[in-house]
Amino acid sequence: MNAPLNLQALAATVDQRHLDHLEEEAIFILREVAAAFERPGLLFSSGKDSCVVLRLAEKAFKQRNPADPSGKEFKGKLPFPLVHVDTGHNFPEVIEFREKRVAEMGERLIVAHMDESIKKGTVRLAHPLESRNGHQTVTLLEAIEEHRFDVLIGGARRDEEKARAKERIFSHRDSFGQWQPKEQRPELWNLFNTRIRPGEHFRAFPISNWTELDVWLYIARENIPLPSLYFKHERPVIRRKGLLVPLTEVTPPEAGETVETATVRFRTVGDMTCTCPVESTAATAADIVAETLTVTVSERGATRMDDRTSEASMERRKKEGYF
């Protein structure tokens, strides 16, 4: 019979020295972006990965605040704005966190609203409660054209999903904003080919080589603020197809379904219509590190309804210009 596993003791034995290497690599990539492109932007959804990239950008381009004894505060400005594609179906806690964090940092925020795309007719929903997640591509490409971005920095990681595992750190997009997986440029010895023609752009992923565990170890080490959704809380949910669907105005119960209250947290944060929490009692980043050591399903596989439509759903969306 197996002895019970002490998760806290297991977490304490995790070697974190590799985080320094990952941090150095990410900062190098961010500085390469700033050096190689004229109009970069940093995608900031307020999700944990984008919060980590934001902290890395602070370390890459700002000075530590000497008045802060913890060494966690920075002064100065980033050399690019923050960019958020707002579907109009974001969790209220996420929008509240976004506004607070941007105000604290004093950075410039560009919000591309999908409601504007719907008004223009470039996004057409089949019905009012249709998931808007897949339609973000249109709004994103419109924002790229309007603000003439030649590169957008994102927090995607290779361990998240099969299609993302195929993508380079510097991902070229053609003049239609599309990704061609069979025509990616080689990245040998950290040499990045950043040549683009007019109308093309890049996506850059500084934490592409990180795992979910690395992200949470770094959040715990750096004490990075996150939306409250990432930690345990009670929420009304509906059990549907093996997922816990949060009860919201855009995800109401279907006929015959029962609403229950569960203690949950979110492993990833996205559109309310496709993002589900998991049952958890983890209240701190250290608790989540311990919990992450035992999971067997990726965060998107465990929480995203839109990725379950088919094996190739993410790759199809990325080819069209998705994040």
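Computed from a predicted model, the values in this text were never measured in an experiment.
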Determine whether [X] and [Y] make a side-chain contact, defined as any pair of heavy atoms from C-beta on separated by less than 4.5 Å.
X	Y	result
Tyr218	Leu56	yes
Leu226	Ile219	yes
Ile153	Pro206	yes
His84	Asn90	yes
Pro277	Pro246	yes
Val237	Glu260	yes
Thr261	Arg235	no
Val111	Val83	no

Is [X] reaching over with its side chain to a backbone N or O of [Y], donor-acceptor style, under 3.5 angstrom?
X	Y	value
Asn193	Pro186	no
Asp49	Ala156	no
Glu234	Thr263	no
Lys48	Arg267	yes
Glu130	Ala126	yes
Arg55	Glu222	yes
Ser131	Thr273	no
Glu24	His21	no
Glu200	Arg197	yes
Thr275	Met272	no

Next on the checklist: Is there a side-chain contact (heavy atoms from CB on, under 4.5 Å) between Leu140 and Leu152? Walk through the geometry before answering.
Outcome noted: CA-CA 10 Å; Leu140 174 64; Leu152 287 177; 3.6 Å; yes
According to a 4.5 Å side-chain heavy-atom criterion applied to Ile, Leu, Val, Met, Phe, Trp and Tyr, with indirect links allowed, do [X] and [Y] form part of one hydrophobic cluster?
X	Y	result
Ile224	Leu229	yes
Trp179	Val138	no
Leu22	Ile29	yes
Val52	Phe97	yes
Val264	Leu247	no

Minimum-distance pair of heavy atoms, taken over all atoms of [X] and [Y]:
X	Y	answer
Phe149	Pro81	CE2-CG, 4.0 Å
Val94	Val269	CG2-CG1, 3.2 Å
Val33	Ala204	CG2-CB, 3.7 Å
Leu244	Cys276	O-CB, 3.1 Å
Trp210	Asp159	O-OD1, 3.6 Å
Lys166	Gln184	O-NE2, 2.9 Å

Ring centers of [X], [Y] separated by less than 6.0 Å:
X	Y	answer
His172	Phe202	yes
Phe80	Phe61	yes
Phe192	Phe170	yes

Item to check | Derivation and outcome, salt bridge (charged side-chain N to carboxylate O under 4.0 Å, His left out), residues Glu23 and Arg221 | outcome: CA-CA 12 Å; Glu23 180 185 74; Arg221 188 179 87 171; 3.5 Å; yes
To the nearest 0.5 angstrom, please state how far the [atom1] atom of [X] sits from the [atom2] atom of [Y].
X	Y	atom1	atom2	answer
Leu129	Thr251	CG	OG1	9.0 Å
His89	Gln136	NE2	CD	11.5 Å
Leu43	Leu54	CG	CG	12.0 Å
Ser50	Leu82	OG	CG	9.0 Å
Glu32	Ile169	CD	CD1	11.0 Å
Met114	Arg132	CE	CZ	7.0 Å

Next on the checklist: With salt bridge (charged side-chain N to carboxylate O under 4.0 Å, His left out) as the criterion, how do Lys232 and Glu291 come out once you've worked through the C-alpha distance, each side chain's angles and the decisive distance to 0.1 Å?
Outcome noted: CA-CA 12 Å; Lys232 78 165 185 177; Glu291 195 173 89; over 6 Å; no
Next on the checklist: Can you confirm whether the side chains of Asn190 and Glu187 place a donor and an acceptor under 3.5 Å from each other?
Outcome noted: no
Checklist entry - Less than 4.0 Å between a side-chain N and a carboxylate O, is that true for Arg265 and Glu279? => result no
Checklist entry - Are the charged groups of Arg173 and Glu167 less than 4.0 angstrom apart, N to O? => result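 Salt bridge between Arg173 and Glu167, a charged N being under 4.0 Å from a carboxylate O: yes.
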Checklist entry - For Phe231 and Phe266, what are the C-alpha separation, side-chain angles and deciding distance, and is it a ring pair (Phe, Tyr, Trp, His ring centres under 6.0 Å)? => result CA-CA 7 Å; Phe231 305 100; Phe266 285 82; over 10 Å; no
Next on the checklist: Apply side-chain contact (heavy atoms from CB on, under 4.5 Å) to residues Asp214 and His18 and explain how you reach the verdict.
Outcome noted: CA-CA 9 Å; Asp214 295 330; His18 70 292; 2.6 Å; yes
Item to check | Atom CD of Glu38: over 12 foreign heavy atoms under 6.0 Å | outcome: no
Next on the checklist: Please check if the number of heavy atoms outside Lys100 that lie under 6.0 Å from its NZ is greater than 12.
Outcome noted: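 Counting neighbours around NZ of Lys100, 12 or fewer heavy atoms of other residues, nucleotides or ligands fall under 6.0 Å, so no.
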Next on the checklist: Determine whether Asp86 and Arg98 satisfy the following criterion, side-chain contact (heavy atoms from CB on, under 4.5 Å), listing intermediate values before the conclusion.
Outcome noted: CA-CA 11 Å; Asp86 189 339; Arg98 183 194 72 187; 3.8 Å; yes
Next on the checklist: Evaluate Glu257 against Arg240 for salt bridge (charged side-chain N to carboxylate O under 4.0 Å, His left out), listing each step before the verdict.
Outcome noted: CA-CA 8 Å; Glu257 290 184 328; Arg240 182 184 300 165; 2.7 Å; yes
Checklist entry - Between Arg158 and Glu212, does a salt bridge (charged side-chain N to carboxylate O under 4.0 Å, His left out) hold up when you go through it step by step? => result CA-CA 10 Å; Arg158 289 193 176 114; Glu212 184 183 8; over 6 Å; no
Next on the checklist: Run the side-chain contact (heavy atoms from CB on, under 4.5 Å) test on Ile196 and His201 for me, step by step, so that the C-alpha distance in whole Å, both residues' side-chain angles and the decisive distance to 0.1 Å come before the verdict.
Outcome noted: CA-CA 7 Å; Ile196 56 174; His201 72 278; 5.5 Å; no
